[in-house]
Amino acid sequence: MCLGLGARRTAVAMPPPALAAGPKIRATMIAATIAFIAAALFALRYTQREFVPRPSISFILFGSLLLIHGIPMLVYLHLTGPTTFIYEAALEPVDAEAVKVRMLWALACMFVSLVIGAELARLIVPRSWRRAQLSVARSSQRSLATVYRATSLMRIALWLVAVAMLSLILIEGQPAKIVNYFVSGETELDKILLRHEAGGSQFYLYNVFLSSLAPFIVIMLWCMHRADPKDRQLYALLVCFFTLVLVGKLGSLSKAPPVIFLLQLAVLSFLLKNEPLSFWPLTRLLLLAVALFSVTVWLTIPGIELGAIFSFLYYRVFDIPNESILEYFSAFPHTLRFGWEYGLFGPLGRSVQEVILPNYSAVAEITRESLVSTSNVVFIGDAWAEYEWLGIFVTSLMAGMLTRLIDLYSLRNGRTEEWACLIAGCSLGIFTMLSTAFSTALVTGGLALIPLLSWLFLRRRRKQFRRRARAIDATRPSNCLVAKQMVAALGNPTEKHR
């Protein structure tokens, strides 16, 4: 097998463990499956109780994980997976049942830890949680308050950023690269090689900015234009940034980035209506996602038929994420060593002479014998590779806590435009966590940068907005009554459940 030693970890030559007795295998597998189903149902019940019908980042996180790694995981393990090459290649050198049992227990631990993290966030800042509940009750029947304003200094800074983005796009020749990729008619393998060699930009800071902060600027400009539709300069700035971000996303030569950007805007459009979550809005968003991904698949895979497009989408959305988890739990620790085996600080404990590959490349080299292909996995996969069970528990805990804290921060003044912008902007971080490490979602996905940017834009207006909100609430007796009822309900658990 093409495992270049010195690749991300030292290979561990371990013979496949002897298979246990049949009844014992069946018992452990059944126990792991029951634990997985119980944990998923527990997370589903918690999601229904805490996050429905109010849209939130936590709802997107819990809902996405349950949708992709819930029932589809069992379907992959027992129906669609055993017929694929990756499934056989990953499980051939190891005890297949032991790997699947560990994987199911890890997913169960993830679901439970997410709930614990979300509850810890509520307990750490109880005043913020109560304030968010009261703010939602006061603003549920009102249109979203306007909080973003385009000052002269902000407009100048954004125009300078737009000029810098345009210059970089033209210097790197991204328009020609995009046309060549989507219109050339080359084979799928040729396009994969082109994406691997020329996708994205060579400048790391530009890639980070384009990934999360630039889409969030478009989202804020949309809200500013919505508040002042007659401002032509603001409209021109919105169109300019939208075009630059879309071209930059297409320049990554990947299917997901431009589609996710458009879906972020669709989510923002729904949130600005200040409507509760219901079946039909979610259905429309899902149909829009299917339509956009179908178009990108049709453009990037020449000659593909309509039925094959839907089969490819199912495989890409449901099978590959679960397949990648299987690859990681098969490679670690059978072939590759855990990160903390190199010392407390993981990569810092390795020798200077060792060539290091990212986890997704090292795992792909083992299973697929190729460094062109990558194995992108949900955040617990990378956590398992570095710190095994402790990594899964801690990262899941932090993910649940962080998303809940972002929700509480966005609702501190009720359902304002900032609340809608933070949900639409930070949804990219959730999609990032579904395919890479939690630390990557903080920076590239924007879970840490987007709230900071929003705070900077509103820093000068925060006191003014709070004074205006208190003045409005003081003139509305109905809001005071609602607040008293909410306080009474929150203080009396029995009354809350009536």
Practice prompt. With side-chain contact (heavy atoms from CB on, under 4.5 Å) as the test, would you mind laying out the steps for Leu402 and Ile406 before giving the verdict?
Written response: CA-CA 6 Å; Leu402 177 63; Ile406 294 175; 4.2 Å; yes
Practice prompt. Evaluate the salt bridge (charged side-chain N to carboxylate O under 4.0 Å, His left out) criterion for residues Arg122 and Glu50: first the C-alpha distance (whole Å), next the side-chain angles of each, then the deciding distance (0.1 Å), finally the verdict.
Written response: CA-CA 11 Å; Arg122 183 172 67 86; Glu50 295 291 331; 5.1 Å; no
Practice prompt. Check step by step if side-chain contact (heavy atoms from CB on, under 4.5 Å) holds for Thr80 and Phe318.
Written response: CA-CA 10 Å; Thr80 59; Phe318 297 107; over 6 Å; no
Item to complete: Decide side-chain contact (heavy atoms from CB on, under 4.5 Å) for Leu168 and Met165; before the verdict, give the C-alpha distance in whole Å, the side-chain angles of both, and the deciding distance to 0.1 Å.
Response: CA-CA 5 Å; Leu168 188 59; Met165 292 179 65; 5.9 Å; no
Practice prompt. Applying side-chain contact (heavy atoms from CB on, under 4.5 Å), run through Arg404 and Phe51 and close with a yes or a no.
Written response: CA-CA 10 Å; Arg404 191 67 179 270; Phe51 308 132; 3.9 Å; yes
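Distance check: Ser294 OG to Ile309 CD1 gives 6.0 Å after rounding to the nearest 0.5 Å. To the nearest 0.5 Å, atom OG of residue Ser427 and atom CD of residue Gln264 are 4.5 Å apart. In this structure, OG1 on Thr335 lies 5.0 Å from CD1 on Ile366, to the nearest 0.5 angstrom. How far OH of Tyr387 is from CD1 of Ile392: 14.0 Å, rounded to the nearest 0.5 Å. The distance from atom NE2 of His69 to atom CG of Leu107, rounded to the nearest 0.5 Å, is 7.0 Å. Rounded to the nearest 0.5 Å, atoms CG (Leu262) and OG1 (Thr296) are 10.0 Å apart.
Between Val443 and Ser212 the shortest heavy-atom distance is O-OG, 3.6 Å. Considering every non-hydrogen atom in both Leu313 and Val297, the closest pair reads CD2-CG2, 4.0 Å. Closest non-hydrogen pair, Met220 versus Leu453, comes out as CE-CD2, 4.4 Å. Pairing each heavy atom of Phe270 with each of Pro281, the nearest pair is CE1-CB, 3.5 Å. Contact detail for Ile380 and Ala106: the closest heavy-atom pair is CD1-O, 4.4 Å. Between Phe379 and Leu114, the shortest heavy-atom contact is CZ-CD2, 4.5 Å.
In this structure, Tyr328 and Tyr360 have side chains that are in contact, with non-hydrogen atoms separated by less than 4.5 Å. Residues Trp222 and Ser269 have side chains in contact (heavy-atom distance under 4.5 Å, counting atoms from C-beta outward). Taking 4.5 Å as the limit, some side-chain heavy atom of Leu263 sits within range of a side-chain heavy atom of Val259. The shortest side-chain heavy-atom distance between Glu417 and Arg226 falls under the 4.5 Å cut-off. The closest side-chain heavy-atom distance from Ser330 to Met103 is not below 4.5 Å. Between Val125 and Trp129 there is no side-chain heavy-atom pair separated by less than 4.5 Å. Annotation: side chain of Ser435 is not in contact with side chain of Val378 (no heavy-atom distance under 4.5 Å). Between Ile116 and Glu119 there is no side-chain heavy-atom pair separated by less than 4.5 Å.
Under a 3.5 Å cut-off, the side chain of Thr436 and the backbone N or O of Met433 do not form any donor-acceptor pair. In this structure, the side chain of Ser64 does not engage the main chain of Leu61 through any donor-acceptor pair within 3.5 Å. Here the side chain of Lys249 pairs no donor or acceptor atom with the backbone of Ala256 at under 3.5 angstrom. Although no hydrogens or angles enter the test, the distance criterion places no donor-acceptor pair under 3.5 Å between the side chain of Ser254 and the main chain of Pro257. Side-chain atoms of Ser410 come within 3.5 Å of backbone atoms of Asp407 as a donor-acceptor pair (strictly under, hydrogens ignored). Between the side chain of Tyr181 and the backbone N or O of Leu253 there is at least one donor-acceptor pair closer than 3.5 Å. Remark: side-chain polar atoms of Ser211 are not paired, donor with acceptor, to backbone N or O of Asn207 under 3.5 angstrom.
In summary, of the residues considered (Arg26, Arg102, Met29), a side-chain contact (heavy atoms from CB on, under 4.5 Å) with Glu97 occurs for Met29 alone.
With a 6.0 Å radius and a threshold of 12 heavy atoms from other residues, nucleotides or ligands, Ile71 has its CD1 atom at or below the threshold.
Separation of the Phe312 and Phe293 ring centroids does not fall under the 6.0 Å cut-off. Not less than 6.0 angstrom separates the ring centroid of Phe111 from the ring centroid of Phe62. Taking the centre of each ring, Tyr409 and Trp455 stay at or above the 6.0 Å mark. Aromatic ring centroids of Trp389 and Trp384 lie under 6.0 Å apart.
Side-chain atoms of Glu172 and Ser201 include a donor-acceptor pair closer than 3.5 Å.
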